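Below, chain A is the first sequence line, B the second, and so on; all start at residue 1. On a predicted model such as this, the values are computed, not experimentally measured, just so you know.
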Amino acid sequence: MPPGSDTWGHKIIFHMLYYPENIEPKWRKAWVDSKLYKVSNESDKPKYYVLDMFPYPSGAGLHVGHPLGYIASDIYARYKRLKGYNVLHPMGYDAFGLPAEQYAIQTGVHPAISTRENINRYREQLDNIGFCYDWDREVRTCDPAYYKWTQWIFLQLFGHYYDMEADKAKPVSDLTFIFSKEGSRGVHAANSQDNSFTAEEWKTMTARQQDEVLMNYRLAYRKTGFVNWCEALGTVLANDEVKDGVSERGGHPVEKKAMMQWSLRVTAYAERLLNDLESLEWTDALKAMQRNWIGRSEGAQVFFDILGHDLKLEIFTTRPDTIFGATFMVLAPEHDYVQTITTAGQKEAVNKYLDYVSGRSEVDRMAEVKEVTGVFTGAYAFNPFTGKNIPIWLGEYVLKDYGTGAIMAVPSDDERDQLFARKFGLEIIDVVDKSNYPGSTLHDKTGIMVNSGFLTGMEVTKAIREMFMHLEKMGIGSKKVNYKLRDANYSRQRYWGEPFPIAYDRDGVAHPVSEKQLPLTLPELENFQPASGGKSPLARAEDWVNQLDGMALETDTMPGFAGSSWYFLRYMDAQNDQAFASDKAIGYWQDVDLYVGGTEHAVGHLIYSRFWHKFLYDLGMVPGTEPFKKLINQGMITAFGYYAEHLKFGDGEDILIGNSKDLTQISGVHVGSPIRLPYVYDYLDGQNRLTKEKFAEYWQSEGHNYNVAGDTSKYHWSKDEQGEEYFTVNIVQEKMSKSKFNVQNPDEIVRRYGADCFRMYEMFLGPIEQSKPWDTKGIDGVNRFLRKYWSLFFSDKGWDVSQESPTAEEYKILHTAIRKVTEDIERFSFNTCVSAFMVCVNELKRLECNKQAILEPLNVLLAPFAPFITEELWEKLGHGQSVHLAAYPEFDEKMMQQDTIEYPVCVNGKKRDTVHVDATLTQDQIRELAMTLDAVRKYVTGKNLQKVIVVPGRMINLVVSE
RNA sequence: GCCGAAGUGGUGGAAUUGGUAGACACGCUGGACUCAAAAUCCAGUGCUAGCAAUAGUGUGCGGGUUCGAGUCCCGCCUUCGGUACCA
């Protein structure tokens with residue numbers, strides 16, 4: 001409807017009605033022109049840093065799930081500004097990543113170009129929503145001016161080792177100095193392999209030998225790691241590109257392949273990462289996830305002799321007390337000793353088993369509980385306590401990177417060991433008597449030792465202590481702390497990531513590229529296919545690789561978490577080309593006060609960032625040991641997915657609609673997956689059935705035929721009593737992603753309802769931390785609210801705001817809202833804030849309140865949620881300065897006083913009546929009053945009144961028995 | 001498997017410390033205005049029985065603690081996130 005008249009031709013004053021399209025573009029521009037959201041690094045105000053987890057700019061564009069957290073943090077940032085803080089609230093892009101490279105391989109479009117396009121689109125979409133970001137501080141991890149510093153920090157990691165005594169990182173030059181004075185004896189440092197050498201030996205080593213020794217100590221170091229290798233595709237695959245042991249694309253076999261990889265020694269920081277969790281305002285759930293991820297356990301490192309070899313088998317156990325029950329050993333299939341110790345007779349069986357395991361993912365290996373697998377190596381170890389030779393097996397449930405990759409199996413006291421022993425007929429000796437501890441599980445460290453030599457008769461806890469002493473005395477073991485946390489694999493055989501500032505000489509010794517040469521930029525490439533042997537495409541850019549005289553650059557690139565581990569520091573001083581950020585800027589902003597992002601980053605990103613931050617702290621480059629003081633997780637917005645499952649075909653065999661060849665071709669969907677029917681919702685009947693008739697309509701409709709075939713004659717339809725042919729559609733909630741055709745873009749909503757409505761609707765959907773399905777059904781409610789709010793300021797005459805003094809009731813409504821909204825913002829309950837605004841506006845409307853003394857503070861209260869409408873009304877109220885620079889309204893308790901309180905009257909906990917009670921009455925007076933009520937008499941007559949419970953201000957409960 | 005979270009009307013959700021279950025919305029039903037529609041406004045709306053007053057029942061399932069349990073305890077079920085190369 002055009003503004004100015006309605007369809008009857010009646011004149012209306014157009015600004016009396018709320019049209020976001022008349023308001024929002026105007027303020028969007030005005031705020032840019034006036035640099036309203038520009039943040040200074042100098043201010044008398046207290047600082048507050050509100051950070052969003054920056055997005056990966058995918059080709060599907062920003063979807064409605066992204067802004068959920070951004071809107072919440074935007075509201076909080078605006079709220080803090082109104083409260084008088086200098087608020088840093090920046091945004092940027094995590095712009096390196098696999099999808100852009102995949103896209104480049106498919107289309108030939110350079111990742112830099114597609115990424116730039118995606119970023120531009122993201123920016124447009126973000127701008128639409130009215131965020132208060134200071135865009136002058138934007139960062140892009142793929143920008144050389146940014147990744148120069150990612151490379152620089154890597155060089156620091158490369159150039160440092162972890163001194164366990166000082167409990168901090170120190171320069172590798174300190175290490176070489178000590179080695180040349182005292183040899184390895186003088187060093188207590190985190191390392192990959194224990195070495196022992198004298199100062200003399202150190203000095204006589206070749207450069208290459210010294211380099212190998214130092215590599216064991218560096219915080220960024222090289223070691224052999226395993227990758228998912230797909231021979232058919234000639235490339236290394238990410239874990240989520242592998243499904244059931246085959247590549248998701250094409251279904252080719254995938255195996256584990258050993259490659260020399262860079263790693264980061266995050267384990268050196270394990271203890272600090274664990275201990276410092278306490279100081280953080282994170283949810284207990286998140287802290288628990290981090291604790292479990294770090295997985296600290298105290299136990300014993302024990303060495304067993306291997307018969308017929310000059311080798312010691314190192315194992316880690318938390319239950320050294322059960323060593324008398326250790327009847328066999330299990331090694332990870334990838335264990336270094338496997339080839340050495342396997343006997344000729346077992347070679348074939350072992351190789352067959354290794355083949356099987358190489359196609360198994362770690363999740364598969366851990367998740368398999370019903371069926372244990374393993375193979376005997378033919379070798380034996382010696383158990384010095386029982387004096388028996390015990391067989392050494394391989395088993396996939398033992399992982400190479402956890403502990404030492406080998407365990408002593410105690411089948412009596414470990415469930416998996418027990419399953420293993422049962423399956424392969426291995427000996428089981430009971431060593432712990434738990435009969436005194438009914439209800440305790442195998443896992444509990446309780447019971448009395450039996451069949452255990454000198455430990456027999458001891459309590460488990462005492463036996464553990466006793467055994468530690470014994471092992472040390474015998475010189476075959478010691479107390480040790482083990483972490484589940486593993487060093488981070490830091491190499492990717494990809495193009496679209498940060499190049500390593502590392503060059504190898506002819507001996508293969510790694511040298512840092514000089515800082516002056518940073519950034520070491522990516523070469524231009526035409527072809528983004530991996531190079532031969534699964535190497536990064538960079539290996540094909542020979543000129544680039546050999547640009548340093550006599551040296552060859554590393555061709556792998558850094559992983560996604562490199563750039564995202566420190567980006568929050570760059571925002572503090574984003575333009576700096578002398579340092580990653582100036583001391584002054586870091587000194588002012590310190591750390592992130594509030595960090596908002598998804599739980600999916602609970603362990604990965606949040607462990608690595610904390611690790612980098614602690615490292616930079618050790619180097620004196622950041623003032624605190626933790627980057628993120630307070631953190632809240634936003635839930636995911638899911639989409640509804642519609643699936644036709646298990647359709648019957650002709651002979652009764654379970655199949656899908658269409659044929660499998662089409663499916664693979666059209667969407668890459670696996671055969672055997674349920675078939676997706678995008679946007680089918682409108683065609684379903686009440687029981688979620690799609691009838692044959694409706695299917696035809698669905699098929700005709702635009703854009704719906706992603707993976708269904710139009711020829712329905714091949715389908716097997718179910719038939720109901722009326723002869724109606726149909727199949728049932730299952731509705732599930734799932735992640736939004738381009739490949740699922742379920743991405744919902746915010747643009748359309750913003751265009752139709754305005755940004756204010758979109759912002760408030762996203763908040764209104766539910767608690768921020770909960771995942772929930774996207775559905776626009778309820779958006780009209782928020783839209784009506786905004787129109788109603790707008791209408792408070794207008795009457796038939798047009799703009800109509802009164803200067804009258806408000807009544808007590810009006811003040812109470814306002815202050816109820818101020819209290820509720822403020823409390824709820826503080827506890828990040830934004831959905832209930834929106835409800836509180838609705839209640840407030842409903843009540844003011846009922847009173848036809850148009851008084852400035854009420855509407856003005858309310859407008860400021862609403863400004864963080866709906867920045868556009870409030871700015872417009874603020875201007876109309878006669879203010880020359882932005883509402884976003886106003887002062888937050890103060891709550892006044894005096895406005896809340898009430899004469900009577902409404903009490904529910906319950907009998908045995910069930911509500912039977914309500915009563916209004918004078919607010920000044922005491923508890924006893926209320927109790928007496930309750931007895932006189934008709935409703936009470938009815939329930940009490942003829943029964944025993946046991947007692948009357950009065951909870952002041954809350955409720956009255958009568959306890960009655962027969 | 002392991003770690004973490006969630007489960008409340010037809011739908012999204014509220015109930016902050018153990019104290020009126022279903023706030024606020026959507027949807028639906030009826031009504032007002034209109035030639036009609038849209039928009040707006042008013043009323044009703046957990047379920048079962050009943051004309052009604054009312055009664056019973058009700059927060060994933062099974063137990064328990066309590067005057068009182070969505071909330072606490074024990075045991076399950078289902079869904080979602082992570083599980084180390086998606087970001």
Which nucleotide, in any strand shown, forms a Watson-Crick or G-U wobble pair with [N], with both distances under 3.5 Å?
{"N": "B:rC2", "answer": "B:rG82"}
{"N": "B:rA14", "answer": "none"}
{"N": "B:rU54", "answer": "B:rA49"}
{"N": "B:rU40", "answer": "B:rA32"}
{"N": "B:rC61", "answer": "B:rG75"}

Taking atom NZ of A:Lys535 as the centre, does the number of heavy atoms from other residues, nucleotides or ligands within less than 6.0 Å exceed 12?
no

Above 12 or not: heavy atoms from other molecules or residues under 6.0 Å from CD of A:Glu826?
yes

Can you tell me which nucleotide in [options] comes closest to the side chain of [X]?
{"X": "A:Asn292", "options": "B:rC26, B:rC3, B:rC67", "result": "B:rC3"}
{"X": "A:Arg787", "options": "B:rU40, B:rU20, B:rG19", "result": "B:rU40"}
{"X": "A:Ile949", "options": "B:rC85, B:rG19, B:rG12", "result": "B:rG19"}
{"X": "A:Trp293", "options": "B:rU83, B:rU20, B:rG12", "result": "B:rU83"}

Quick one: does [X] reach the base of [N] with a side-chain donor-acceptor pair under 3.5 Å?
{"X": "A:Lys820", "N": "B:rU16", "result": "yes"}
{"X": "A:Glu241", "N": "B:rC85", "result": "no"}
{"X": "A:Asn239", "N": "B:rC85", "result": "no"}

For [X], report the nucleic acid contact type (base, sugar-phosphate, nothing); a contact means any heavy atom under 4.0 Å.
{"X": "A:Pro55", "result": "nothing"}
{"X": "A:His605", "result": "nothing"}
{"X": "A:Val834", "result": "nothing"}
{"X": "A:Asp94", "result": "sugar-phosphate"}
{"X": "A:Met636", "result": "sugar-phosphate"}
{"X": "A:Gly604", "result": "nothing"}
{"X": "A:Asp240", "result": "base"}

[X] [atom1] - [N] [atom2] separation (whole Å):
{"X": "A:Tyr402", "N": "B:rA84", "atom1": "OH", "atom2": "P", "answer": "15 Å"}
{"X": "A:Gln770", "N": "B:rA15", "atom1": "CD", "atom2": "P", "answer": "11 Å"}
{"X": "A:Glu498", "N": "B:rC85", "atom1": "CD", "atom2": "P", "answer": "15 Å"}
{"X": "A:Asn228", "N": "B:rC86", "atom1": "CG", "atom2": "C1'", "answer": "13 Å"}
{"X": "A:Phe561", "N": "B:rC85", "atom1": "CZ", "atom2": "P", "answer": "7 Å"}
{"X": "A:Asn842", "N": "B:rC24", "atom1": "CG", "atom2": "C1'", "answer": "8 Å"}
{"X": "A:Asp364", "N": "B:rC2", "atom1": "CG", "atom2": "P", "answer": "16 Å"}
{"X": "A:Leu485", "N": "B:rU83", "atom1": "CG", "atom2": "C1'", "answer": "13 Å"}

[X] and [Y]: aromatic ring centres closer than 6.0 Å?
{"X": "A:Phe54", "Y": "A:Tyr93", "result": "no"}
{"X": "A:Tyr490", "Y": "A:Phe561", "result": "yes"}
{"X": "A:Tyr18", "Y": "A:Tyr789", "result": "no"}
{"X": "A:His916", "Y": "A:Tyr903", "result": "no"}

Is the shortest side-chain N/O distance from [X] to OP1 or OP2 of [N] below 4.0 Å?
{"X": "A:Arg827", "N": "B:rU16", "value": "no"}
{"X": "A:Arg954", "N": "B:rU17", "value": "no"}
{"X": "A:Arg784", "N": "B:rU40", "value": "yes"}

Would you kindly compare A:Glu769 and A:Pro99 by the position of their nearest RNA chain B nucleotide and give the one closer to the 5′ end?
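The answer here is A:Glu769.
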
